[in-house]
Amino acid sequence: MARTGDRPARTPQVLKGMRDLLPQQMVLRQHVIGTFRRVFERYGFEPIETPVLEYLDVLTGKYGEDEKLIYHFQDRGGREVGLRYDLTVPLARFVATHRHELVFPFKRYHIEPVFRADRPQRGRYRQFWQCDVDIVGTASMLADAEVIMVWIDALSAVNMPNFVVHINHRKLLQSMAQVAGVPEAQAATIHRAIDKLAKIGRDGVHAEMVNHGIPPEAADRVLDLVALEGEPAEVLAELRRRLAGNQLAEEGIADLENLFRYLGELNADPAHYQLDLSLARGLDYYTGPVFEAMVKEPNIGSLGGAGRYDHLIGMFLGEDIPATGASLGLERIIDVIQELHLLPQPRTVSEVLVTVFSDEGLEASLSLVSQLRAGEVNAEIYLGERRDLRRQVQYADRKGIPLVAFLGPDEIAAGTVNLRVMASGEQVTVPVSAAAETIDRLLKQERSGDGAAGQ
RNA sequence: GUGCCUCUAGCUCAAUUGGCAGAGCACUGGUCUGUGGAACCAGGGGUUACGGGUUCAAGCCCCGUGAGGCACCCCA
């Protein structure tokens with residue numbers, strides 16, 4: 001850490017919308033990733049990985065408007081390449097590439113970073129991780145129901161309170177536009193406006209539609225449909241009456257009826273999902289049910305987006321394979337966990353610090369630390385050159401290591417070790433042979449007594 | 001991508017509006033080599049985000065760049 005006298009070439013700064021993660025942030029992050037992984041695997045989803053870089057034309061033509069946010073450049077061989085914008089389009093390409101190596105219906109999860117050249121804001125980064133589960137090769141609404149169940153379980157597993165999965169159907173949205181007499185080309189405008197219903201209200205949506213050239217009467221007709229609320233079965237029955245004879249509406253309603261029936265049979269908690277006829281979802285590739293996971297507090301946007309995309313794989317294969325899937329935004333979820341203190345937040349992976357009393361005691365300390373590691377305890381030995389115990393205990397305190405093991409002449413002579421619980425100051429002396437076991441017990445006590453409030 | 005706001009020590013913020021760049025916490029050393037978060041003493045740390053301009057004089061005014069935030073857009 002000596003000074004070199006050289007001036008740094010540039011201020012050491014990370015790129016807009018990207019961040020470094022410190023060890024104490026990674027502890028929570030990896031815990032959340034591990035939790036999601038376990039939930040995903042409980043449903044039989046299997047992991048895959050794909051490159052962050054794809055041929056640019058793999059990515060283009062799938063997202064609609066958003067396409068301008070794709071990072072792209074030429075590689076050294078002159079290839080036009082792009083950083084993946086999500087994990088769904090790469091999955092579609094993956095399925096088309098490996099079609100004959102996969103067992104269908106194919107279920108995979110995928111937890112990796114994606115990139116969007118968006119203007120950063122709170123909860124909006126240029127590099128962020130998505131946690132995706134998708135089911136490829138079945139058009140059954142059972143697959144969509146499973147995906148929603150995974151979401152509910154995953155968010156519940158990180159103690160997320162009051163989240164709601166909003167559910168709608170692309171075909172329903174399209175049929176509403178048809179019934180209102182809005183031309184196909186303007187359908188997207190309508191959907192975008194409707195999506196803001198909760199935010200700007202009926203009048204706001206009406207004004208926005210009219211602004212975009214939708215006749216006021218058509219806007220009213222659409223809004224009358226969207227405004228329907230209540231029990232899914234009742235709302236769907238009412239829609240069936242009002243949209244009678246419309247092919248798309250029939251298909252969408254039938255899908256949703258099945259979907260809600262399956263959710264009921266899977267015992268999904270009704271507090272965590274609802275029919276929301278105003279939910280639009282921006283991405284072009286959705287063709288069926290669409291979902292969005294929302295929390296009211298804090299105001300951070302959606303935690304995840306999802307839906308069915310029965311024609312996306314066909315864009316690579318020339319033959320459609322139906323698919324549905326869900327995507328959670330890791331950073332937003334972690335932001336909420338931290339803001340609301342939903343999980344305990346240890347600052348380190350270390351479980352115990354083994355102190356070194358003196359040169360003469362070093363051998364005993366090294367022997368203990370190896371023994372603890374063999375017993376699957378995360379144990380570190382103090383590596384500093386100055387060994388006064390005060391300094392060593394302070395090190396444990398600063399790093400947040402929950403336990404400290406003392407081995408002085410007395411303990412060494414007696415074949416014991418003195419274990420100190422940092423949070424309480426309580427100390428116990430046990431035989432070295434019982435150290436690992438005692439540490440396990442003390443850690444369990446700590447974790448249960450600690451509650452979810454964290455340190 | 002558009003508009004607006006912000007940027008001073010590791011963190012939170014001062015600096016009498018253009019006149020010597022500071023505090024608290026943190027950090028380092030000591031009191032203190034058998035036990036941390038206390039106290040006391042001492043210390044290190046800043047081209048005031050970066051680059052330029054105006055001025056006798058710039059943290060403060062002007063321009064550009066970078067980064068963060070708010071709203072829009074959109075979305076995870």
Side-chain angles (χ1 to χ4, degrees), chain A residues 1 3 7-19 22 63-69 85-88 111-132 151 155 188 191-193 195-196 199-200 208 279-283 290-295 299-306 326-336 353 355-361 382 384-412 418-427 429 455:
Chain A
M1 310 215 192
R3 311 210 132 223
R7 199 166 291 171
R10 61 147 42 250
T11 47
Q13 204 172 18
V14 294
L15 240 22
K16 186 201 288 258
M18 306 198 173
R19 341 176 265 171
L22 274 56
Y63 301 109
E65 280 267 321
D66 288 6
E67 203 163 297
K68 56 183 191 284
L69 300 181
Y85 180 86
D86 65 8
L87 299 176
T88 307
I111 303 176
E112 282 200 274
V114 301
F115 303 85
R116 300 186 182 180
D118 209 345
R119 188 152 161 183
Q121 236 166 279
R122 180 172 124 108
R124 181 200 273 186
Y125 305 97
R126 288 187 162 194
Q127 174 178 346
F128 61 98
W129 283 48
Q130 290 195 323
C131 312
D132 278 37
W151 258 12
L155 291 173
H191 299 165
R192 258 198 295 280
D195 199 41
K196 295 179 195 163
K199 193 168 183 177
I200 60 179
E208 178 158 336
L279 174 66
R281 305 287 312 150
L283 301 179
V290 287
F291 324 119
E292 193 159 314
M294 319 268 272
V295 280
N299 177 24
I300 199 163
S302 68
L303 298 181
S327 177
L328 288 171
L330 183 63
E331 281 73 8
R332 287 187 181 175
I333 289 168
I334 288 173
D335 286 350
V336 174
L353 174 72
T355 59
V356 179
F357 190 80
S358 64
D359 278 344
E360 291 70 40
Y382 187 71
E385 292 160 64
R386 300 180 55 175
R387 291 172 178 158
D388 46 299
L389 284 182
R390 174 194 175 80
R391 206 174 289 270
Q392 301 189 51
V393 173
Q394 220 165 43
Y395 171 83
D397 177 47
R398 295 234 175 95
K399 259 187 87 168
I401 303 175
L403 301 174
V404 174
F406 295 105
L407 265 181
D410 299 344
E411 287 85 2
I412 294 172
N418 186 259
L419 295 169
R420 176 187 175 90
V421 180
M422 289 296 281
S424 63
E426 175 197 345
Q427 301 194 195
T429 301
Q455 283 97 357

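Order of the sequence lines sets the chain letters (A, B, ...), proteins ahead of strands, with each chain counted from 1.
Side-chain contact, Glu411(A) with Asn418(A): no donor N or O sits under 3.5 Å from an acceptor N or O.
Atom-to-atom, CD of Gln130(A) to P of C75(B) comes out at 13 Å; the value is rounded to the nearest Å. Atom CZ of Arg19(A) is separated from atom P of A67(B) by 16 Å (rounded to the nearest Å). Rounding to whole angstrom units, CD of residue Gln127(A) and P of A76(B) are separated by 17 Å. Atom CG of Leu389(A) is separated from atom P of U33(B) by 10 Å (rounded to the nearest Å). The nearest whole Å value for the distance from the CD atom in Glu426(A) to the C1' atom in G37(B) is 18 Å. Following rounding to the nearest Å, Leu15(A) (CG) and C50(B) (P) show an atom-to-atom distance of 19 Å. C74(B) atom P lies 14 Å from atom CZ of Arg116(A), rounded to whole Å. Distance, Arg192(A) CZ to C75(B) C1': 13 Å, rounded to whole Å.
With distances taken from any side-chain atom of Arg390(A) to the nucleotides G34(B), U31(B), C74(B), the minimum falls on U31(B). With distances taken from any side-chain atom of Lys199(A) to the nucleotides C70(B), C72(B), A76(B), the minimum falls on C72(B). Comparing C74(B), A76(B), A67(B) against the side chain of Lys196(A) picks out C74(B) as the nearest.
Pro120(A) comes within contact range of the sugar-phosphate backbone alone, with a heavy-atom separation under 4.0 Å but no base atom that close. Counting any heavy atom pair closer than 4.0 Å across all strands shown, Glu331(A) reaches no nucleic acid atom. The residue Asp410(A) sits close to a base: some heavy atom pair falls under 4.0 Å. At the heavy-atom level, Gly123(A) lies under 4.0 Å from base atoms of the strands shown. At the heavy-atom level, Gly304(A) lies under 4.0 Å from the strands shown only through sugar-phosphate atoms.
Distance check on atom P: G43(B) versus U35(B) gives 28 Å, rounded to whole Å. Only the C1' atoms considered, G10(B) is 35 Å distant from C72(B), to the nearest whole Å. As rounded to the nearest Å, U16(B) and A9(B) have C1' atoms that lie 23 Å from one another. Atom name P, nucleotides G34(B) and C27(B): the rounded distance is 22 Å, in whole Å. Atom P of U31(B) sits at a distance of 36 Å from the matching atom of A21(B), rounded to the whole Å. A15(B) and A23(B) have their C1' atoms separated by 10 Å, with the value rounded to a whole Å. Comparing the P positions of G69(B) and U8(B) gives an interatomic distance of 14 Å, to the nearest angstrom. Atom P of C4(B) sits at a distance of 45 Å from the matching atom of G44(B), rounded to the whole Å.
Residues meeting the salt bridge (charged side-chain N to carboxylate O under 4.0 Å, His left out) test with Arg387(A), sequence neighbours left out: Asp359(A). Residues forming a salt bridge (charged side-chain N to carboxylate O under 4.0 Å, His left out) with Arg391(A) (at least two apart in sequence, or on another chain): Asp388(A).
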Review item, nucleotides 1-10 of chain B N/O atoms under 3.5 Å of protein N/O:
residue	atom	partner	partner atom	Å
U2(B)	O4	Arg119(A)	NH1	3.1
G3(B)	O6	Arg119(A)	NH2	3.0
C4(B)	N4	Arg119(A)	NH2	2.9

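Thr88(A) OG1 to Asp132(A) CG: the interatomic distance, rounded to the nearest 0.5 Å, is 5.0 Å. In this structure, OG in Ser327(A) is found 10.5 Å from CD1 in Ile111(A), a value given to the nearest 0.5 Å. Atom-to-atom distance recorded for Leu389(A):CG and Arg420(A):CZ is 10.5 Å, nearest 0.5 angstrom. Atoms CH2 and CD1, from Trp129(A) and Ile334(A) in turn, are 10.0 Å apart once rounded to the nearest 0.5 Å. In this structure, CZ in Phe128(A) is found 13.5 Å from CD in Glu112(A), a value given to the nearest 0.5 Å. The NZ atom of Lys68(A) lies 8.5 Å from the CG atom of Asp118(A); values are rounded to the nearest 0.5 Å.
In this structure, Arg386(A) reaches the G30(B) phosphate: one of its side-chain N or O atoms is under 4.0 Å from OP1 or OP2.
Where Arg332(A) and Phe357(A) meet RNA chain B, the nucleotide closest to each residue was compared, and Phe357(A) sits on the side nearer the 5' end. The residue among Leu303(A) and Lys16(A) whose nearest nucleotide of RNA chain B lies closer to the 5′ end is Lys16(A).
Glycosidic torsion of U17(B) falls within 90° of 0, placing the base in syn.
A donor N or O paired with an acceptor N or O is found under 3.5 Å between the base of G34(B) and the side-chain atoms of Glu411(A). Put simply, the side chain of Arg391(A) and the base of G36(B) share no donor and acceptor less than 3.5 Å apart. Side-chain atoms of Arg387(A) stay outside donor-acceptor range of the base of U33(B), with no qualifying N/O pair under 3.5 Å.
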Scan the side chains in residues 394-409 of chain A for donor-acceptor partners under 3.5 Å anywhere in the protein, sequence neighbours excluded, and list what turns up.
residue	atom	partner	partner atom	Å
Tyr395(A)	OH	Glu380(A)	OE1	2.9
Tyr395(A)	OH	Lys399(A)	NZ	3.3
Lys399(A)	NZ	Glu380(A)	OE2	3.0

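Minimum interatomic distance between Ile200(A) and Glu208(A) (heavy atoms only, all atoms of both residues): CD1-OE1, 4.1 Å. Nearest heavy-atom pair, Arg332(A) versus Ser302(A), reported as atom, atom and distance to 0.1 Å: NH1-O, 2.9 Å. Counting all heavy atoms, side chain and backbone alike, Pro120(A) lies closest to Lys16(A) at CG-CG, 3.4 Å.
For the segment residues 394-403 of chain A, the set of residues with a heavy atom within less than 4.0 Å of an atom of RNA chain B comprises Gln394(A), Asp397(A), Arg398(A), in numerical order.
Using the six-membered ring where Trp is involved, Tyr63(A) and Tyr85(A) have ring planes that are tilted, between 30° and 60° apart.
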So what does the secondary structure string of RNA chain B come out as, 5' to 3', with Watson-Crick or wobble pairs under 3.5 angstrom, [ ] for crossing and | for pairs with another strand? (((((((..((((.....[..)))).(((((.......))))).....(((((..]....))))))))))))....

